[in-house]
Number of protein chains: 2
Amino acid sequence: MSKSPNTLAMKEIESETTAVWVALNLAYRSVHREMEKALKEAGLPSLRWYDVLWELERSRDGMRPFELENGLLFEQSNLSRMLRRIVDEGLIEAFAYEGDGRGKVLRITAKGRRLRKRMWQIYGPQIESHFGKIVDANKAGKLVSILKPLIF
Amino acid sequence: MSKSPNTLAMKEIESETTAVWVALNLAYRSVHREMEKALKEAGLPSLRWYDVLWELERSRDGMRPFELENGLLFEQSNLSRMLRRIVDEGLIEAFAYEGDGRGKVLRITAKGRRLRKRMWQIYGPQIESHFGKIVDANKAGKLVSILKPLIF
DNA sequence: ATTAATTACATGAAAATACATCTATATGAA
DNA sequence: TTCATATAGATGTATTTTCATGTAATTAAT
């Protein structure tokens with residue numbers, strides 16, 4: 001009998017440790033998919049674009065690509081092209097960074113703010129509908145405190 | 001002042017509900033990336049291939065593509081091409097399904113079993129290293145029970 | 001100051017993915 | 001049987017992502 005568990009959809013959990021990973025995996029995929037679907041059905045961009053827009057909206061002075069990369073856990077090359085697309089849509093703008101000729105600063109535009117707001121009208125309720133129960137059951141703090149150490 | 005939280009990398013949590021989603025998001029991405037990296041560095045295929053191989057290894061009679069699709073939360077078209085690649089590598093085989101001329105049955109090959117085992121030698125320890133502490137802290141059951149309702 | 005190493009970002013090419021659509025089989029109703 | 005609809009899976013096309021590099025600016029060492 002093999003001791004190896006699968007990642008997903010496992011019926012017989014082979015170890016508690018693996019059970020956590022399987023559950024995390026399925027939960028993330030499941031929720032993520034539904035959120036992307038909801039946004040797409042509303043004719044809006046993906047969650048990744050939202051993350052970038054919101055990150056820039058919160059930072060009054062703008063941010064540099066490598067900061068987004070670190071904060072949002074994007075691949076550098078992926079982010080690079082993604083930013084170009086977002087810039088092409090006029091949602092953010094890139095300016096030269098004074099002090100380091102290699103860098104640039106990204107700032108959200110008025111159009112970008114408007115779009116982010118529209119996205120939030122879909123996205124916010126999605127978060128509520130998926131995680132509302134957990135919060136009601138007062139489990140949120142616990143779950144967050146368990147998940148946090150996994151990051152990085 | 002906007003009430004909208006971002007998805008990731010949020011410093012000031014705006015609501016418990018969103019905090020859960022942010023933590024889940026970052027935790028999943030972080031862990032998933034490291035696991036994929038470990039497999040790649042060992043010259044092995046991705047986690048998705050592992051999931052398919054293990055799912056087929058566990059089912060003695062083989063499985064049909066749509067069953068994998070449901071269990072592993074893959075896109076149908078994505079799975080279709082992925083299966084062709086795995087078949088091309090000789091890791092699984094496809095047979096006609098008696099009883100429905102449209103369907104086919106997938107079975108793992110000996111080569112597939114060997115590869116899955118090799119992958120587990122990397123993958124298993126990765127799961128342990130990421131989730132071991134959590135389990136040691138005896139929170140595993142709790143975490144799983146909280147995550148489960150999020151699935152589907 | 002020269003050289004070497006590092007950092008920030010970009011890009012070509014290959015691979016993966018999504019979406020819509022297509023074929024073939026199956027099922028059910030009239 | 002015939003027609004409508006549903007289901008299993010494959011594929012064309014467009015887009016996105018990854019991988020390995022490339023370029024340019026900065027920093028550190030000599």
Side-chain angles (χ1 to χ4, degrees), chain A residues 28-29 32-52 55-56 62-89 91-107, chain B residues 28-29 32-52 55-56 62-89 91-107:
Chain A
Y28 176 80
R29 282 199 206 179
H32 189 262
R33 267 177 22 149
E34 289 192 42
M35 289 188 172
E36 289 284 18
K37 192 179 160 200
L39 285 171
K40 180 156 291 181
E41 278 170 0
L44 295 166
S46 71
L47 289 179
R48 293 184 159 200
W49 282 38
Y50 183 90
D51 290 337
V52 169
E55 203 68 3
L56 292 178
M63 290 177 78
R64 293 175 60 185
F66 78 91
E67 296 179 291
L68 290 173
E69 185 190 337
N70 296 334
L72 304 177
L73 299 185
F74 290 152
E75 302 295 329
Q76 186 271 317
S77 62
N78 183 9
L79 177 63
S80 174
R81 292 185 210 264
M82 191 177 144
L83 289 175
R84 184 177 48 67
R85 284 174 229 132
I86 303 179
V87 168
D88 287 349
E89 294 291 326
L91 302 170
I92 66 177
E93 286 176 308
F95 301 92
Y97 176 66
E98 313 292 336
D100 189 333
R102 301 166 302 179
K104 63 182 180 181
V105 185
L106 304 164
R107 279 195 262 279
Chain B
Y28 174 81
R29 283 198 205 180
H32 189 262
R33 262 167 38 138
E34 288 192 42
M35 291 192 171
E36 290 284 17
K37 192 179 160 199
L39 286 171
K40 180 156 290 179
E41 278 169 1
L44 295 167
S46 71
L47 289 179
R48 294 185 158 201
W49 282 39
Y50 182 90
D51 290 337
V52 168
E55 201 69 2
L56 292 178
M63 290 176 78
R64 293 174 60 187
F66 77 91
E67 295 179 291
L68 289 173
E69 184 190 336
N70 296 334
L72 304 176
L73 298 185
F74 289 154
E75 302 294 330
Q76 186 271 321
S77 61
N78 182 8
L79 177 61
S80 174
R81 292 186 211 261
M82 190 176 145
L83 290 175
R84 184 174 48 65
R85 281 176 239 130
I86 303 179
V87 168
D88 287 349
E89 294 290 329
L91 303 170
I92 65 176
E93 285 176 307
F95 301 92
Y97 175 65
E98 313 291 336
D100 189 334
R102 302 166 302 181
K104 63 181 180 183
V105 184
L106 304 164
R107 280 195 261 278

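Just so it is clear: chains get the letters A, B, ... in the order the sequence lines come, proteins before strands, and each one is counted from 1.
- The CG atom of A/Leu68 sits 6.5 Å away from atom CG of A/Leu83, with the distance rounded to the nearest 0.5 Å.
- The 5' end of DNA chain C is approached more closely, in terms of each residue's nearest nucleotide, by A/Gly103 than by the other of A/Gly103 and A/Ser77.
- Contact annotation: A/Arg48 side-chain N/O to D/dT17 OP1/OP2 distance is under 4.0 Å.
- For the OP1/OP2 pair of D/dG22 and a distance below 4.0 Å, the side-chain nitrogens and oxygens of A/Arg102 include no atom meeting the criterion.
- Between A/Lys40 and C/dA18 there is no side-chain N or O to OP1 or OP2 distance below 4.0 Å.
- For A/Asn78 and B/Arg84, each mapped to the nucleotide of DNA chain D holding its nearest heavy atom, the one lying further toward the 5' end belongs to B/Arg84.
- In the set D/dG12, C/dA26, D/dG9, the nucleotide with an atom closest to the side chain of B/Pro65 is D/dG9.
- Side-chain atoms of B/Lys104 lie closest to D/dA10 of the nucleotides D/dA10, D/dG12, C/dA26.
- For the pair A/Trp49 CH2 and D/dT16 P, the computed distance is 8 Å after rounding to whole Å.
- A/Arg29 contributes no side-chain N or O that, together with a main-chain N or O of B/Phe74, makes up a donor-acceptor pair within less than 3.5 Å.
- For the pair B/Arg64 (side chain) and B/Tyr97 (backbone), a donor-acceptor distance under 3.5 Å is absent.
- Comparing A/Arg85 and B/Gln76, the nucleotide of DNA chain D nearest to each residue sits closer to the 5' end for B/Gln76.
- The listed nucleotides are D/dA24, D/dT18, C/dA10; the one nearest the side chain of A/Ser80 is C/dA10.
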